[in-house]
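In what follows, every heavy atom counts, from backbone to side chain, and hydrogens, waters and symmetry copies are set aside.
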Amino acid sequence: MTYPDVKDTVATLVDLVSIPSPSGNTNEVIGFVEKFLKELGVDTKRNRKGGLIATITGKDDQNHRMLTAHVDTLGAIVKEIKPSGRLKLDLIGGFRYNSIEGEYCEIETSSGERFTGTILMHQTSVHVYKDAGKAERNQDNMEVRIDEEVHNAEDVRALGIEVGDFVSFDPRVQTTRSGYIKSRHLDDKASVAILLQLIKQLKEEKIQLPYTTHFLISNNEEIGYGGNSNITSETAEYLAVDMGAMGDGQSTDEYTVSICVKDASGPYHYQLRKNLVQLAQKNNIGYKLDIYPFYGSDASAAIRSGHDIVHGLIGPGIDSSHAFERTHEKSIENTAKLLYHYVQSEMIL
């Protein structure tokens, strides 16, 4: 038995995180995924929200599975052009301003032009502002310094920058000799890369799945509604592949696959969870069970929207989620192994 080469998955991940895709502006990265799948001969279609659905027909076409990972990321949008020529931001997704202080960023105008900048506290200079370290990191104090000669709002607008333009964060992606991947947006592009390599393996090895299986690459998860549409009436099992949250009181680590028992939406399906654990144990896959207290997934969004499905959530462990993220090749590999066996397993119902 062979599994996808984790190095190939990491290479795909590096490509993905290098494409800006804050929620609401994901066309480019969806196009990358679409091209990847079409070159494999996989049938795909875009939904009206801009997400992508790939389908592999299985032996049983009456009962379907759906797996989802989201390609949208945290980001920001221009809220105001200040008289000084700097930009005030409004955040996209659930994170804190302190996690982007000092970050390089890119502003994309409605015409498609891109300008670089840095996200800074207004009171950054310790030689000028006595309260530089104490001032609150919030919308009023944080701003973007544009890398162009601008002296006022009129200069900024002359560049084509306007309220409503999207701002993306430099991923600063690095891979280390010790197997770590450090980057913004591992949530959830690590899982997207895993699914793409899984699909590639299924196609190259001509593996026939027991059930018709849909792979939804959603593009609105960070704002709460990525995976609650395009679920066929035949879909019985719905598995979200997203990050495992790490921190005090958590069992998730950077080396195993995290299987979610419960998040802020409530418990995940007990029988599906037990099936995932049994598959991991049977195939010597490192896993951890965990609860994510401040978390919601595409699977929980689907349940809340009224779909009659069995839902589950797994993913690689991600340290410092929604900030300075890191994972390890071992976690990616264990997640990939569990998915490989899951899509070939019998349904629980």
Side-chain angles (χ1 to χ4, degrees), residues 16-32 46 48-51 70-133 135-173 183-185 189 219-226 322-324:
L16 287 167
V17 297
S18 300
I19 301 172
S21 58
S23 300
N25 189 17
T26 57
N27 186 61
E28 182 181 357
V29 74
I30 288 290
F32 173 90
R46 295 198 189 198
R48 293 188 181 94
K49 292 188 292 187
H70 69 91
V71 80
D72 63 305
T73 70
L74 305 173
I77 202 164
V78 177
K79 181 185 184 298
E80 178 185 329
I81 302 174
K82 295 184 172 185
S84 64
R86 298 202 175 187
L87 307 177
K88 181 180 283 191
L89 296 176
D90 196 52
L91 302 183
I92 299 173
F95 65 108
R96 300 292 181 266
Y97 276 101
N98 67 286
S99 71
I100 56 170
E101 182 177 0
E103 192 63 270
Y104 293 160
C105 65
E106 185 176 85
I107 307 106
E108 182 179 343
T109 71
S110 58
S111 65
E113 287 194 76
R114 295 181 177 184
F115 298 92
T116 61
T118 306
I119 302 170
L120 298 166
M121 280 287 288
H122 177 75
Q123 307 93 322
T124 291
S125 176
V126 296
H127 296 99
V128 177
Y129 301 101
K130 184 183 294 186
D131 65 343
E136 187 176 352
R137 274 59 183 163
N138 59 22
Q139 187 179 69
D140 290 332
N141 289 334
M142 299 290 283
E143 60 189 17
V144 176
R145 179 185 67 195
I146 307 168
D147 298 327
E148 299 290 333
E149 186 174 347
V150 292
H151 303 280
N152 49 50
E154 289 73 24
D155 289 344
V156 174
R157 288 194 163 91
L159 295 174
I161 296 173
E162 190 48 90
V163 171
D165 288 343
F166 283 92
V167 178
S168 56
F169 312 141
D170 186 339
R172 295 187 294 154
V173 58
S183 180
R184 288 193 181 274
H185 314 318
K189 290 182 176 181
N219 65 328
N220 291 291
E221 193 275 348
E222 293 293 357
I223 51 177
Y225 59 88
H322 283 197
F324 312 104

I need the Asn25 CG to Ile30 CD1 distance, nearest 0.5 Å.
11.5 Å

For residues Gly85 and Val156, report the shortest heavy-atom separation together with the two atoms involved.
O-CG2, 3.2 Å

Measure the shortest side-chain to side-chain distance between His185 and Glu222 over non-hydrogen atoms and say whether it is less than 4.5 angstrom.
no

Would you please name every residue forming a ring pair (Phe, Tyr, Trp, His ring centres under 6.0 Å) with Phe166, sequence neighbours left out?
none

So do Gln123 and Asp131 actually touch side chain to side chain, heavy atoms under 4.5 Å?
yes

State, with a plain yes or no, whether a side-chain heavy atom of Gln139 is found less than 4.5 Å away from one of Asp90.
yes

How far apart are the C-alpha atoms of Leu74 and His322, what are their side-chain angles, what is the distance that settles it, and do they pass the side-chain contact (heavy atoms from CB on, under 4.5 Å) test?
CA-CA 8 Å; Leu74 305 173; His322 283 197; 3.6 Å; yes

Rounding to 0.5 Å, atoms OG (Ser183) and CG (Asp170) come to a distance of 8.5 Å

Strictly by modelled atom types, are Asn141 and Glu136 linked by a side-chain donor-acceptor pair under 3.5 Å?
no

Spell out, as yes or no, whether a donor-acceptor pair under 3.5 Å connects the side chain of Arg137 to the backbone of Ala135.
yes

Please give me the minimum heavy-atom distance between Arg96 and Asn98, naming the atom from each residue.
CB-OD1, 3.0 Å

Which heavy atom of Ile92 sits nearest to which heavy atom of Ala76, and what is that distance?
CD1-O, 3.6 Å

For the residue pair Ile223 and Gly93, what are the closest heavy atoms and their distance?
CG2-N, 4.4 Å

Any side-chain to backbone donor/acceptor pair from Thr124 onto Met121? Under 3.5 Å, distance only.
yes

Any Leu91 side-chain heavy atom under 4.5 Å of Ile100 side chain:
yes

For the residue pair Asp72 and Ser23, what are the closest heavy atoms and their distance?
OD2-OG, 2.5 Å

Hey, what do you get for OH (Tyr225) to CG (Asn220), rounding to the nearest 0.5 Å?
4.0 Å

How long is the straight-line distance from CZ of Arg157 back to CG of Asn152, given to the nearest 0.5 Å?
10.5 Å

Backbone N or O of Glu143 within a donor-acceptor pair of the Lys82 side chain at under 3.5 Å?
no

How about Tyr104 and Arg172: do any of their side-chain heavy atoms sit closer than 4.5 Å?
no

Answer with yes or no whether the side chains of Arg46 and Asn219 bring together a donor and an acceptor at under 3.5 Å.
no

Contact check, side chains of Arg86 and Leu120, non-hydrogen atoms, under 4.5 Å:
yes

Ser21-Lys189 side chain donor-acceptor pair, cut-off 3.5 Å
yes

Side-chain donor-acceptor pair under 3.5 Å between Asp147 and Thr116, yes or no?
yes

Contact between Ile81 and Leu87 at the side-chain level, heavy atoms closer than 4.5 Å - yes or no?
yes

Between the NE2 atom in His122 and the CG atom in Asp140, the distance rounded to the nearest 0.5 Å is 11.0 Å

What one should report as the nearest heavy-atom pair of Cys105 and Val144 is SG-CG1, 3.8 Å

Taking C-beta and beyond as the side chain, do Arg184 and Thr73 meet within less than 4.5 Å on heavy atoms?
no

Could you give the distance from CG (Asp165) to CD1 (Ile77), rounded to the nearest 0.5 Å?
8.0 Å

